[in-house]
Amino acid sequence: MPISSKFISNKVEKKWYSFWVKNNFFDSKPDSRDPYTIVIPPPNVTGVLHMGHMLNNTLQDILIRRARMKGYNACWVPGTDHASIATEAKVVEKLKKDGIKKSDLSREEFLKYAWKWTAEYGGIILDQLKMLGCSCDWKRTKFTLDDKMSDSVIKVFIDLYNKGLIYRGYRMLNWDPKAQTTISEEEVLYEERDSKIYHIAYKMSDSEEKIVVATTRPETLLGDTAICINPKDKRYSHLTGKSVLIPIVERKVPIIKDDYVDIDFGTGCLKVTPAHDFNDNILGEKYNLEIIDIFNPDGTLNQNGLHYVGQDRFVVRKKIVNELKEKGLLIKEEKYKHNVAISERTKVVIEPRLSKQWFLKMEDLAKPAINSVLKSHDIKLVPEKFVNTFKHWMENIKDWNISRQLWWGHQIPVYYYGKDFSNYVVASSKEIALEEAIKKTKNPKLSMDDLEQDNDVLDTWFSSWIWPISVFDGILNPDNPEINYYYPTQDLVTGPDIIFFWVSRMIISGYEFRKEKPFSNVYFTGIVRDKMGRKMSKQLGNSPDAVKLIKTYGADAVRVGLMLSSNAGNDLLFDETLCKQGKNFANKIWNAYRLFDGWKIEKSLKSDEINIIAIDWFKNLSYKIIEKVEYHFAKYRISDALMTIYKFIWEEFCSWFLEVVKPNQNNLIDEKTKNEIKEIFETNLKLLSPFMPFIAEELWHLISKRETDQALINSSWPEVDSYDKKIIDDFELVKKIIVAIRNFRKEKSIGFKQKLKLKSSSKINPKYIEIIKKMGGIESIEEYKHIKNENYISFHTGNIEFFISSSFIKIDQENEKKKIKIELDYSIGFLNSVEKKLSDKKFTSNAPKKVVDMEKKKKNDIELKISLLKKALSKLA
RNA sequence: GGGCGCUUAGCUCAGUUGGUUCAGAGCACUUGGUUUACACCCAAGGGGUCGGGGGUUCGAAUCCCUCAGCGCCCACCA
């Protein structure tokens with residue numbers, strides 16, 4: 001049956017999608033129009049569409065489609081991110097399954113696999129975006145490892161290096177022993193875990209006295225180079241200047257004093273391992289302590305590990321605890337909950353590790369970005385609350401570690417040469433590097449073989465932070481017309497979880513490389529959760545299959561479902577029933593079209609008065625609604641904009657307007673009216689099209705034969721016009737009267753087929769009488785001021801009372817009385833409160849006149865209503 | 001520990017500068033419906049002391065204080 005099922009078959013969707021693509025409706029080239037640009041947050045190249053993407057990209061598509069219709073040169077640039085650590089981890093996993101170890105491969109061999117993988121899985125996600133209806137300019141699709149994109153990244157590195165902003169440092173960083181790379185602070189998750197805190201006795205070097213330290217990581221004692229106490233701690237003051245022997249290692253290390261140690265925590269005595277703890281490292285620097293690294297990159301013990309060499313860190317922890325127990329040095333072992341640093345990608349415990357890395361100085365670079373968001377407001381964050389988050393991070397910004405010990409990515413353009421390769425040059429290619437090295441060394445005999453490129457690659461975000469510029473080739477060719485036309489872009493839609501990773505850094509790079517913001521507005525979506533509030537994840541299996549959703553409900557319905565649940569910035573609880581709601585809505589619109597389509601034009605007919613009035617009302621209402629929709633868009637309240645349109649179409653258009661203008665049985669309608677209704681229908685489709693582009697385009701072509709260039713996607717967005725508020729208000733009253741009639745019918749069990757003769761206490765605007773008659777099943781309405789006949793029963797709406805001959809209605813007198821009394825009591829109470837307010841001088845003298853007048857009007861209205869009720873009551877008695 | 005935010009109907013959430021329209025919407029629910037566009041529907045209806053307490057004000061969901069619960073971000077004490 002369901003004709004609407006054509007909208008979930010994907011056939012219609014495919015038809016229109018290829019129509020749009022074929023006719024280049026998504027394409028953009030610089031021209032005389034104003035640009036409206038969005039660059040997509042590039043998803044991981046090997047990723048699969050999830051709910052977050054769907055939400056995010058639906059929003060972008062709504063914005064871009066509306067802008068396109070508004071006459072902007074709309075350009076939505078799609079692309080994917082090479083996602084170095086995530087992709088490399090996936091490739092390593094895949095190889096492992098095939099029995100290949102990464103360590104057995106050369107860099108070139110590994111990269112060959114990685115590219116093969118990318119070719120195989122890359123782009124899947126872009127196809128999925130197409131299913132969703134995303135109107136990206138696909139000809140502009142970029143990949144962060146494309147040649148030009150890579151060249152841009154290298155150019156930026158060299159430029160920053162030449163400006164003195166990039167340096168090499170020996171730093172303690174978060175080390176991922178599984179991926180064997182450093183990871184940034186932002187890629188570390190903290191998880192509260194049950195672990196143990198151990199109290200270990202260290203013997204003094206010159207006596208039998210023992211000092212007890214507390215630690216969660218006993219295995220690191222192999223790298224201890226000091227013991228630290230608080231200078232104010234009297235318990236240990238006699239140990240000043242002495243030294244202890246580390247258990248097992250029997251190394252003699254000094255006792256140092258520092259305020260850093262908390263007297264009340266543990267034993268008040270801290271073991272210091274400068275090579276394996278961030279804070280200990282600071283102490284080490286301060287007191288010039290020896291640094292002893294005990295781990296290999298993979299988390300096993302290195303040559304400093306004594307008899308534990310080659311064993312895993314967690315195995316060694318257990319063994320050391322046992323050894324200490326045997327030696328009687330383990331004083332206590334207690335349960336302890338603490339936060340453990342976990343790698344976001346590989347989920348292994350992070351190891352703080354000292355290593356040589358490349359850094360970008362951030363403090364000065366951040367200044368214009370801070371200004372643009374906090375002072376000049378050139379960039380607006382929506383919702384505004386994220387300004388605080390942004391501010392805090394930017395004002396405390398740390399230098400950015402941009403090197404990663406991976407292969408998949410942009411290899412750092414640094415070339416080492418000379419003795420032990422201790423000198424280096426920074427250059428865009430090995431050839432240039434050689435020239436420079438020759439210049440520097442004044443040794444013309446240097447050859448390519450004497451140069452070795454840095455093994456590391458750049459952090460993924462070091463390519464995406466220039467994304468809004470590089471996609472328009474603005475790094476390599478700063479003067480090209482494309483970048484000058486499209487940049488700065490208008491809106492960026494992304495998740496708040498990457499505000500530091502990406503958003504902040506794009507702002508920084510924008511000012512550094514273009515002297516201009518990258519975008520004007522950043523719309524932060526929420527995180528998609530299931531209806532129980534849990535984050536959607538693969539492990540929980542609570543994430544619906546995006547493609548399946550589209551196939552089940554249709555892309556339009558899924559888009560609506562997502563939009564109905566999404567307010568900016570707050571997390572949204574996604575419930576599949578919302579897609580059903582979207583599907584029902586599509587069905588409703590489809591059926592409205594079928595109804596309209598069934599009306600046959602009869603040329604001899606004249607326009608019905610009812611229709612002229614209804615059309616006049618509806619046109620005025622449309623302008624009011626468009627105004628409201630625009631208001632919501634201006635505030636990025638996309639779900640409110642959709643809900644406004646949803647109600648406008650379902651209630652005002654279908655339930656009221658179409659019911660009023662619907663011809664009687666014969667289905668004949670005059671030409672003028674049908675054409676005007678068609679125009680109204682078309683306006684509705686326009687409003688709908690950014691949200692539900694497929695059904696809107698389908699009906700657009702069904703309702704009227706169109707040439708290709710007259711496609712809805714290419715048409716104009718409805719403009720706001722002035723409207724007559726009185727017409728809208730008057731019609732609201734008409735609706736109220738009709739509802740009151742329907743209510744009365746239901747209450748008295750009078751079927752719709754029973755025509756009623758109505759008398760009203762005040763004059764009804766004759767303009768609307770026919771509409772009331774049609775919608776309420778009324779035979780006649782007359783004004784009738786003095787009802788004396790007791791055979792009448794009344795009901796009222798507002799201040800109008802209606803009378804109906806009660807001869808054919810069974811009336812439960814007692815029940816009627818009871819109901820009126822309840823209403824009367826309530827009204828009298830209400831009147832009293834209003835009168836009390838009005839007699840209070842404090843109120844009348846302090847409140848604005850407008851408010852006082854309003855209260856007076858309220859008083860009059862209630863008095864009138866009370867008199868009506870009393871009259872009705874007396875008639876019953 | 002520091003910061004930000006949230007708490008309004010069964011559910012998910014709106015509610016701008018305190019004052020017609022402020023106590024709302026959608027969904028869910030209840031009742032009625034063979035009104036030939038649609039049961040993926042139509043018509044009507046019932047739901048809330050706006051987290052608790054206090055204060056400012058003629059007037060508070062809205063501003064201030066306080067308590068409770070929840071969420072997020074940052075820092076992470078061995």
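Everything quoted here is computed from the prediction, not taken from an experiment. Here is how names work: the chains are called A, B, and so on, in the same order as the sequence lines, proteins then strands, and each is numbered from 1.
Remark: A:Tyr198 pairs with no residue by the ring-ring contact (aromatic ring centres under 6.0 Å, His included) rule, at least two apart or across chains.
For residues 648-657 of chain A, every residue pair satisfying the salt bridge (charged side-chain N to carboxylate O under 4.0 Å, His left out) rule, not counting sequence neighbours, is listed here: A:Glu652-A:Lys735.
The listed nucleotides are B:rC58, B:rC27, B:rC77; the one nearest the side chain of A:Ala847 is B:rC58. In the set B:rA78, B:rA14, B:rU35, the nucleotide with an atom closest to the side chain of A:Phe752 is B:rU35. Closest to the side chain of A:Lys746, from the set B:rU31, B:rC40, B:rA14, is B:rU31. The A:Tyr646 side chain lies nearest to B:rG26 when the options are B:rA37, B:rA78, B:rG26.
Rounded to whole Å, atom C1' of B:rA78 lies 11 Å from atom CG of A:Asp224. One atom, NZ of A:Lys850, and another, C1' of B:rU21, lie 10 Å apart when rounded to the nearest Å. In this structure, CG of A:Leu578 is placed 12 Å from C1' of B:rA28, rounded to the nearest angstrom. Taking atom CG on A:Asn846 and atom P on B:rA60, their separation rounds to 13 Å, with Å as the unit.
Distances shorter than 4.0 Å separate some side-chain N or O of A:Asn584 from OP1 or OP2 on B:rC41.
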### Message
For RNA chain B, please output the secondary structure as dot-bracket, reading 5' to 3'. Pairs are Watson-Crick or G-U wobble, both atom distances under 3.5 Å; mark crossing pairs with [ ], other-strand partners with |, unpaired with a dot.
### Response
(((((((..((((.....[....)))).(((((.......))))).....(((((..]....))))))))))))....
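Each of A:Trp393, A:Phe390, A:Phe386 was scored for a ring pair (Phe, Tyr, Trp, His ring centres under 6.0 Å) with A:Phe500, with one residue passing: A:Trp393.
Between the side chain of A:Lys385 and the base of B:rC4, no donor-acceptor pair of N or O atoms lies under 3.5 Å.
Between A:Tyr646 and A:Phe585, the gap from one ring centroid to the other is short of 6.0 Å.
Both tests hold for A:Lys837 against A:Phe843: distance to the six-membered ring centre under 6.0 Å, angle to the ring axis within 45°.
Separation of atoms CH2 (A:Trp590) and CG (A:Asp597) is listed at 8.5 Å; rounding is to 0.5 Å.
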